[in-house]
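Structure, as structure tokens:
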There are 2 protein chains.
Amino acid sequence: MATILDVAREAGVGVGTVSRVINGRERVAPATRARVLEVIDRLAYAPNQSARSLSMGRTDAICVLVPFLTSASVNARLQGVVEAFRSSGREVTLRVADTPEQRDQAIAAIVGGSKPAGLIVISLPLSEITIAELRAAEVSTVAIDVALPGVPSVTVDDVAGGKLATKYLLDRGHRAIGFIGDDDEQGLGFRSSTNRRLGYLQAMADLGLGARPEYIKTGPFGREVAHRLTRELLSLENRPTAIFAASDTQAFGVLESVAAQGLAVPEDVSVVGFDDVELAPYVGLTSVRQPLFESGKLGAAALLDLLDGAEVDDVPLSLTIVERSTVSDR
Amino acid sequence: MATILDVAREAGVGVGTVSRVINGRERVAPATRARVLEVIDRLAYAPNQSARSLSMGRTDAICVLVPFLTSASVNARLQGVVEAFRSSGREVTLRVADTPEQRDQAIAAIVGGSKPAGLIVISLPLSEITIAELRAAEVSTVAIDVALPGVPSVTVDDVAGGKLATKYLLDRGHRAIGFIGDDDEQGLGFRSSTNRRLGYLQAMADLGLGARPEYIKTGPFGREVAHRLTRELLSLENRPTAIFAASDTQAFGVLESVAAQGLAVPEDVSVVGFDDVELAPYVGLTSVRQPLFESGKLGAAALLDLLDGAEVDDVPLSLTIVERSTVSDR
DNA sequence: CGATCGACTGGAACCGCTTCCAGAACGGAT
DNA sequence: ATCCGTTCTGGAAGCGGTTCCAGTCGATCG
């Protein structure tokens, strides 16, 4: 493995000069530059990243921080991120934080340790203090699926999405609409479900329909819990004719539950999900679509721009409803 | 950020001693050790990884090398890997190689550059030469879903799996059984499909049934291609009564295609897939199940053992058929 | 024509760790 | 008391980069 000293010797220049041509920001005489470049190529020299990091006090890598990998939506976004970084040749490190402790630990490791060049946060809210730490450590950050103050964020409007889904059901004649969502039992601060419920309530209110607390069920995130909550909803005296689930994963639980009660979708109960994950078309689930993979790619591209010193704005993504076969007119 | 020198000064010892207590392999007087440990704790000292890597010529990180992230099975295995490393606190870096060039480039970066402590290879065959390079660079390696000579591997027997699926169909009276698989158009050397086909042929031969070339269709991996190949299969004069697909992804393409031809599953055509991915239960696909997530966890555990200096053997995983609703008796 | 200036360059110092070597301290054997 | 062998310890050297400072060298200016 050739070192910078080998290159310097071979090219008959000093190490400082080699360093300068590698990093190319300072002025070096064209002839010298050419000579050094030739030697670098000939020796197949590649700078030692550890030495570089030690000297500069930071890494070249990109860190991706996610709350969990098992979530279909987080996973799809991650795929987009990785795809976008593929050609950049940068090292991508993955950190999973599914409790506040793990999150704090991850952040501590990032600002106090590995100091990556960039950080991509997927779906995980971060406190102002944390964001300030990141800024102080000069870790360029981009957020995906979560709006972080002062950080370029790739997001959709969940309230509008909730409204969209609910309005879709209202337009098809439904009035008794249930909501199945999750509450943030981990304390990580997820807002999607809450915001989508807000949209649901607004859409109802827009038609003068008040909130019916018994129609709103929440619990820990997951298909099984959604299944259980749906059973409660369906055993109500006036059971809803439609259910809006805060995510597709939960919608799948709803579908199972409806079937388990001996009811039919969409004849007896209509269902709308959110995210339009890969499974949705297979199940025929009508869902609010957000571009998951795309959001990852866009976030990664934004980070690359940021690292290039460009100004980067928030990237709003739009929501559409994908009609399949889990909703019928009323 | 405290350095090892701060700790040494504060504890009234030399840096060598501090290093020794941190790495704990050499003998240090108990009293000294205690004092140093106390100071480390008080100053919240954490060794600088870059300095450590530079000095030792290798990294503490674990690298996971995958052919692509979008494959449901690779993804599930990756989830298992990440899950298993979560508590270890090690940095996990991800490398995607979906062409031979990218693979070679990734290996070059690993052995000549980042020198991770360990490498986990998922589903990607590696040449003997590459494996020798890895060994020379002292990168402990574990393979998942691919048998690499001289490397502890977590695998299933694909030939047996192909046999299992085919025999299942045979037992239910099918004789005209088609096979849909993929060929390795990227040149990455994937063997799963080929091996599963081998198992299919063996099972047929065991009953004295010869191979019928027109019943065997292969093409690039993917749902769409499987869809197309299935159409060819179904337009045969004596169309098969059952189809064994080399993967669930392809089986989904088969299912779509059958429906598109106006035929019914399983009445007109039975279908068996392979992998039992997350989607399979939703679609009711009968499939050969292999523990995907589990394989990731086991591979990661094996690597951790290897890093601890333990002897590690190959881990064979078993296959079972999961009966759902895409196969009927004949 | 000497002074001045800017462009370019060499190389020492430094980043924070590991490792090796030599020396200190101590107990036991002679 | 001397010597030797252990055990423990301090600190210099080295890992391979970046960066800053001082120096060289033409060209330009007065």
Side-chain angles (χ1 to χ4, degrees), chain A residues 1-40 43-61 91 109 111-117 137-138, chain B residues 1-40 43-61 91 109 111-117 137-138:
Chain A
M1 201 82 288
T3 72
I4 200 172
L5 192 62
D6 298 325
V7 175
R9 230 174 343 230
E10 188 76 10
V13 301
V15 293
T17 302
V18 177
S19 179
R20 265 166 240 137
V21 351
I22 293 169
N23 298 298
R25 38 180 154 279
E26 295 185 63
R27 17 178 66 279
V28 174
T32 312
R33 168 183 305 277
R35 189 148 35 96
V36 171
L37 251 17
E38 185 272 326
V39 173
I40 286 179
L43 301 186
Y45 166 74
N48 179 311
Q49 291 303 320
S50 302
R52 199 148 199 279
S53 306
L54 173 58
S55 185
M56 302 203 302
R58 58 168 41 286
T59 285
D60 261 354
E91 203 155 87
V111 302
S114 52
K115 281 264 191 67
E138 294 187 308
Chain B
M1 200 84 287
T3 72
I4 201 172
L5 192 63
D6 297 327
V7 175
R9 222 163 4 216
E10 188 77 10
V13 300
V15 293
T17 302
V18 178
S19 178
R20 263 164 241 138
V21 350
I22 292 170
N23 298 298
R25 40 181 152 276
E26 298 185 61
R27 16 179 64 283
V28 174
T32 312
R33 166 183 306 277
R35 190 147 34 95
V36 171
L37 252 16
E38 185 272 326
V39 174
I40 285 179
L43 301 186
Y45 166 73
N48 178 311
Q49 291 302 321
S50 302
R52 199 151 200 278
S53 307
L54 174 58
S55 185
M56 301 202 302
R58 59 169 23 331
T59 285
D60 261 353
E91 203 156 86
V111 303
S114 54
K115 280 266 191 66
E138 294 187 306

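Reminder, nothing fancy here: chain letters follow the sequence lines and each chain counts from 1.
The separation between B/L5 atom CG and C/dC14 atom C1' is 13 Å, rounded to whole Å. Rounded to whole Å, the distance from CZ on B/R9 to P on C/dG16 is 11 Å. Between the P atom of C/dG16 and the CD1 atom of B/I4 lies a distance of 11 Å, rounded to the nearest Å. Atom-to-atom, CD of A/Q49 to C1' of C/dG16 comes out at 17 Å; the value is rounded to the nearest Å. Computed from coordinates, the A/L54 CG to C/dC15 P distance equals 9 Å when rounded to whole Å. B/I22 places its CD1 atom 14 Å from the P atom of C/dG16, with the value rounded to the nearest Å. Atom CZ of B/R58 is separated from atom P of C/dT18 by 14 Å (rounded to the nearest Å).
Axis angle between the ends of the helix from C/dC1-D/dG30 to C/dT30-D/dA1, five pairs each and rounded to 10 degrees, works out to 60°.
An OP1 or OP2 oxygen of C/dT18 is reached within less than 4.0 angstrom by a side-chain nitrogen or oxygen of B/N23. A close approach under 4.0 Å does not occur between any side-chain nitrogen or oxygen of B/R52 and OP1 or OP2 of C/dG16.
Interface residues of residues 26-37 of chain A facing DNA chain C, ordered by number: A/R27, A/V28, A/A29, A/T32; criterion, heavy-atom separation under 4.0 Å. Applying a 4.0 Å cut-off to non-hydrogen atoms, the residues of residues 12-20 of chain B that approach DNA chain D are B/G12, B/V13, B/G14, B/V15, B/G16, B/T17, B/R20, listed by residue number.
Counting only distance, with no hydrogens or angles, the side chain of A/S53 and the backbone of A/Q49 share a donor-acceptor pair below 3.5 Å. A donor-acceptor contact shorter than 3.5 Å is absent between the side chain of B/D6 and the backbone of B/A2. The main-chain N or O of B/L5 is found under 3.5 Å from a side-chain atom of B/T3 such that the two form a donor-acceptor pair.
Not counting sequence neighbours, A/A34 has no partner by the side-chain contact (heavy atoms from CB on, under 4.5 Å) test. Taking the side-chain contact (heavy atoms from CB on, under 4.5 Å) definition, one finds that A/M56 meets it with A/R52, A/R58, sequence neighbours left out. Legend: residues meeting side-chain contact (heavy atoms from CB on, under 4.5 Å) with B/S55, ordered by chain and number and at least two apart, are absent. The side-chain contact (heavy atoms from CB on, under 4.5 Å) test applied to B/A137 returns B/V111, B/K115, B/V139, not counting sequence neighbours.
Put simply, CD on B/E10 and CG on B/L43 are 5.5 Å apart, with the number rounded to the nearest 0.5 Å. From B/S50, atom OG reaches atom CG of B/L54 across 8.5 Å, with rounding to the nearest 0.5 Å. Atoms CD and OG, from A/E91 and B/S114 in turn, are 5.0 Å apart once rounded to the nearest 0.5 Å. The distance from atom OH of B/Y45 to atom CD1 of B/I4, rounded to the nearest 0.5 Å, is 4.5 Å. Residue A/R20 holds its CZ atom at 11.5 Å from CD1 of A/I22, rounded to the nearest 0.5 Å.
For the pair A/V21/A/L37, a side-chain contact is recorded, criterion being any heavy-atom separation below 4.5 Å from C-beta on.
Within the structure, salt bridge (Lys or Arg N to Asp or Glu O under 4.0 Å) pairs that include any residue of residues 29-38 of chain B comprise B/E38-B/R42 (at least two apart or interchain).
Mapping heavy-atom proximity under 4.0 Å, the span of DNA chain D touched by chain B runs 5' to 3' from D/dC8 to D/dG16.
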